[in-house]
Structure formats: C-alpha cells, structure tokens
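Take a look at the structure set out below.
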Amino acid sequence: MSADMHVLDDLQWRGLVAHSTDLDALRAEMDDHPVRFYVGFDPTAPSLHMGNLLQILTARRLQEAGHVPYALVGGATGMIGDPKNSGERALNDLDVVKAWVERVRGQIEPFLSFEGSNAATMVNNYDWTASLSTIDFLRDIGKHFPVNRMLARDVVRSRLEAGISYTEFSYVLLQSMDYLNLHRDHGVTLQTGGSDQWGNITGGVELIRRVEGARVHALATPLVTRADGTKYGKTEGGALWLDPEMLSPYAFFQFWLNVEDEKVGELLRAFTFLSHEEIEALDAQTSEKPFLRAGQRALAEHVTALVHGAEETARIMAASTALFGGGALRDLDVDTLAAALREAGSVEVERADGLPAVVDLMVASGLSRSRSEARRTVAEGGAYLNNVRVRDPELSPTESDLLAGSWLVLRRGKKNLAGVEVLR
RNA sequence: GGCAGGUUGCCCGAGCGGCCAAUGGGAGCGGACUGUAAAUCCGUCGGCUUAUGCCUUCGAAGGUUCGAAUCCUUCACCUGCCA
C-alpha cells in the first residue's frame, strides 16, 4: 500500500469501486474523522468463498487506513435469504444457520484487527431482529418502503415471471434495518459490499435518510468475473471456498496460479496488498514475458498466504515445484515426494494380490468419480501413472513402479494430481 | 373456479408408441497447440467387473401394449386466457 495515498484513491486504483454514493462527501468525512463502516455476510453455506474474501479484504484496507470496521454476520438475514436471479432459495433451519454463523465469524476474524483505537467489532443481526414484533416491524420499517420502488429493483423484476416469495421480497427491509440500527447504535455511516448487494445497500441509505434525516454512504465493489464475463471462482470442488476442509489449500493455490493473463492484473489489485509499484512491475512482466507467469505466481502466493498462512503456502509451493517442475519424479527424495503428494491430495491403498488396476486407483484417489469415467479418461489419453500415459485401463502397477518404495503418482489431464501410498 | 398449454439428462432445448441412454447448443472433462494462460480444432459427456449384456433416467403414482419419454387415468407444480 502506498502509505500517503488516500484510501479511496487506492480503492479506485484497485478497481474496487463499482458503485458509490457521493464519494466527495465520504472523502470529506474520512478526512475529518475515522469512519465507522459495516459489511455484512450471510451464512448461506458452511464457508465463505472468493466473493466474500474480496469484501473482507476491502474492509481490511479501510481499517488499515484508520477506519472502524463492523463485520456483520447475518444470523437473521441468513434465515431469509436474499433474492437471486436463479430462483427461490431453500430455507435453512435455525440450528444450521447458527452453526454457520459461528464458522463464518471464525473465518472473518483473522483478517481484521480487534485491538487499538479503530478495533473491529463483530455483530449479528439476529440480536436485534429475533425479538422484533411484526407490528413494530411493519410500522417502523415497512412504512418507509414503497412497493412500487421495491418492484422496480432488477432482481425482483427478473423474478416476477418465475415467481418470488414474500419472504425474499422482504429481504431488503431486513438489511436496510441493519444499517439503520448500526447507524443509530454505533454511528456507522458507511456500508460496503458487492455490487450485487447495491440494491440492498441503498435501501438502507434511503431508510436512514427517511427516518433519521441523515446522509450516509455506500460503496460497492464490482463482481469478480472471468474475462468472458461469466462467474469466477469455480473449481472442481464447487466454489472457491476458504475453508481448507471444503477446498484444499493446494487446490486454492492452483486456482490462482491458473488465472488467465487477461485477469491477473485486476486480481492482483483486488486481492493482494502488494504496492502499486509492485503490481505495475508484474503487469509489465505479464505483457512482456507471459510464459513466466510472474503475475500468477505472485497472486497465488499472496492470496494463499492471506487465507491459509505463509507456512502452508511455502509447503504448497514446494509441492508444486516438485510435481510440476519438470524434473523426474524418481529423482525426488522420499520426504519431498511424500510431502508434495500429501499436499496435493493422496490416498492410502492396501496391497492385496498385487496392486489394484489403474481405473480402480483413479476412483480411489478421487481423480475419477466412477470406473466408467476413469475408463473414459484412459481411452481419451488423459491418464498418467508417474507421468507416463496409461493406455490400458486394466493395467496394474508393479513393484517397480513404486516411487520411494511405496508411492504412485496418478494424474488426470494436465493438472489433476493425486498420490497413492501403497501400504504393506 | 373454468379452459388451454407445459414439466426431458448439470443448464437450455428437440423427440411425441419400437431404429431412444434419448438430436442440437452451452457448461464440464480429455487430447492437440502453448506457458499448469486465452483463443482454436478434435474427442468425450448416466451407472455397472466394457458388456451385439444388465440396471437406472424423460414431474409423481398407476394403467394400456409384445413394447412407452411418447397413449390413458389420477395427483403435484408452472404458464397463459376466461371468471
């Protein structure tokens, strides 16, 4: 971060401001005193993902600039679900939502500082929503929401054909109420979020103006999309989860390493704390010597370190070098090989009468979901044993194939690797 | 409430009694080219101890038939028109 640059200018440079209310007014307020701001996360899954990470990092940038974060976990809004274009959400049970609230909270906390004069605060909107009576809600909040305005919102309009429940239709009231409460009780005057939340965010801005007569601010980051505009953050395991149980740190690292050239500069800006100079130097390398993938390497290293820690990242990078470095697998010593394969993902297999056939190993290691799929992969020439293409699906590795006495390296396609440790 | 139309594999969408595990497109996966990019081209794309075999699938449950995604009945949901 360039220390002497205004945080709003930094955010803009990083491409993080897609929508905003009056930026000059916000800047004036920031220059006058630390601004209390909030960003909300709904527990709609057991883990946060890439899109949420962008919000967390943006909050951290603001905190590093001296402002005061309120991280809201939506124990209440998570019970309702915000409307999305693809259709009505399934409601989750209270117990499930409560468990997810705790997990989400735990994922956010490491990114913020809870000490000092601008310490962060965690809040849960369940606290002020659960006991609210319907009558009070309709009189105090509902009265300020013209239905014609609510109907005009993009998400709602797109759902009118297919149908939208009153529950989801009402979501905006809850999020707006959150902003109002945080404004009243904590003096919060800025809400940040993804651009898909813009409607919900401005709902709060408007509610506060109507009820309190105060002018508060809003900032929305752009949605992270691929170069062709489609959704980002998809891996074979589904979304780009932050939870290491749901997506291995190795797979997380690989995702960033494989980002297209066209997007790497944008992602470096949005997801790392590298300085403008460092990022511009990486941009230059990407355009001059794209094959070096300097931008991707830096991106993968920095983001993985932010989420999974520097030590884990170092192990992953060592594993990547060992497995993708181009060197012969046989030349690796046992410890390096075993560590690399455990990082990349591995299974243990019992030795019966000889070793299992390649198709079975593919299934056992999770590289293929069924024997049919494994056979298909072999037929397509996409299966490799110790980096040698396998042609016969029924082939069983022999003792002499074992690396370091007990390891096999299976690969599907270019990038999907798994280790098999053969036990006595 | 009445009438009409719809519900097909991950998504969109053909099929309208046997040749249907089901045309086509997209996504996904593999190969070639490269740089563990992108684009392009080719292939593949329900499962099973790979099998001129078996099992499961065309909203759900029954029925007709030698044989059903295709016909009939009931139910559920969606859309449109009329009240």
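Keep in mind that the numbers below use all heavy atoms, side chains included, and drop hydrogens, waters and symmetry copies. These numbers come from a predicted model, not from an experiment. By convention in this document, chain letters (A, B, ...) are assigned in the order of the sequence lines, proteins followed by strands, and residues within each chain are numbered from 1.
Tested against Leu282(A) for a side chain to side chain contact (heavy atoms under 4.5 Å, CB included), the candidates Leu268(A), Thr272(A), Val264(A) yield a single pass: Leu268(A).
Within the shown strands, U7(B) is the pairing partner of A76(B) under the Watson-Crick or G-U definition, both distances less than 3.5 Å. The base-pairing partner of G17(B), taking Watson-Crick or G-U wobble contacts with both distances under 3.5 Å, does not exist among the strands shown. Pairing for G1(B) is with C82(B), a Watson-Crick or G-U wobble pair whose two hydrogen-bonding atom distances lie under 3.5 Å. The nucleotide A69(B) finds no pairing partner, because no Watson-Crick or G-U wobble arrangement with both distances shorter than 3.5 Å includes it. Nucleotide C29(B) forms a pair with G43(B), judged by Watson-Crick or G-U wobble geometry with both contacts under 3.5 Å. Checking G53(B) for Watson-Crick or G-U wobble geometry (two distances, each under 3.5 Å) identifies C48(B) as its partner.
At the phosphate of G46(B), neither OP1 nor OP2 sits under 4.0 Å from any side-chain N or O atom of Ser372(A). Taking 4.0 angstrom as the limit, Arg389(A) places a side-chain polar atom (N or O) nearer than this to OP1 or OP2 of A32(B). Contact annotation: Asn416(A) side-chain N/O to G30(B) OP1/OP2 distance is under 4.0 Å. In terms of phosphate contacts, Arg371(A) brings a side-chain nitrogen or oxygen within less than 4.0 Å of OP1 or OP2 of U49(B). Close to G47(B), at under 4.0 Å from its OP1 or OP2, lies a side-chain N or O of Arg376(A). Residue Arg375(A) places at least one side-chain N or O under 4.0 Å from the OP1 or OP2 atom of U50(B). Regarding contacts with the backbone of G30(B), every side-chain N or O of Thr377(A) stays at 4.0 angstrom or more from both OP1 and OP2. OP1 or OP2 of G31(B) lies within a sub-4.0 Å distance of a side-chain N or O belonging to Tyr384(A). Distances shown here put every side-chain N or O of Lys415(A) at or beyond 4.0 Å from the OP1 or OP2 atom of C29(B).
Side-chain N/O atoms of Glu380(A) and base N/O atoms of G43(B) include a donor-acceptor pair closer than 3.5 Å.
Residues Leu57(A) and Ala270(A) share a closest heavy-atom pair of CD1-O, 4.4 Å.
Here the separation of C77(B) from A32(B), taken at their C1' atoms, is 47 Å to the nearest Å. A gap of 32 Å separates the P atoms of G28(B) and C78(B), to the nearest Å.
At a threshold of 4.0 angstrom between heavy atoms, the contacts of Val264(A) with the nucleic acid are absent. Nucleic acid contact for Arg297(A): none, since no nucleic acid atom lies under 4.0 Å from a heavy atom of the residue.
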Report task. Apply ring-ring contact (aromatic ring centres under 6.0 Å, His included) to Trp241(A) and Phe252(A), showing your working. Result -> CA-CA 8 Å; Trp241(A) 302 114; Phe252(A) 183 88; over 10 Å; no
Query raised in the report: How far apart are the C-alpha atoms of Tyr179(A) and Tyr38(A), what are their side-chain angles, what is the distance that settles it, and do they pass the ring-ring contact (aromatic ring centres under 6.0 Å, His included) test?
Result: CA-CA 8 Å; Tyr179(A) 198 174; Tyr38(A) 108 85; 5.7 Å; yes
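Every residue meeting the side-chain hydrogen bond (donor to acceptor under 3.5 Å, both in side chains) condition with Glu312(A), not counting sequence neighbours, appears here in chain and number order: Arg315(A).
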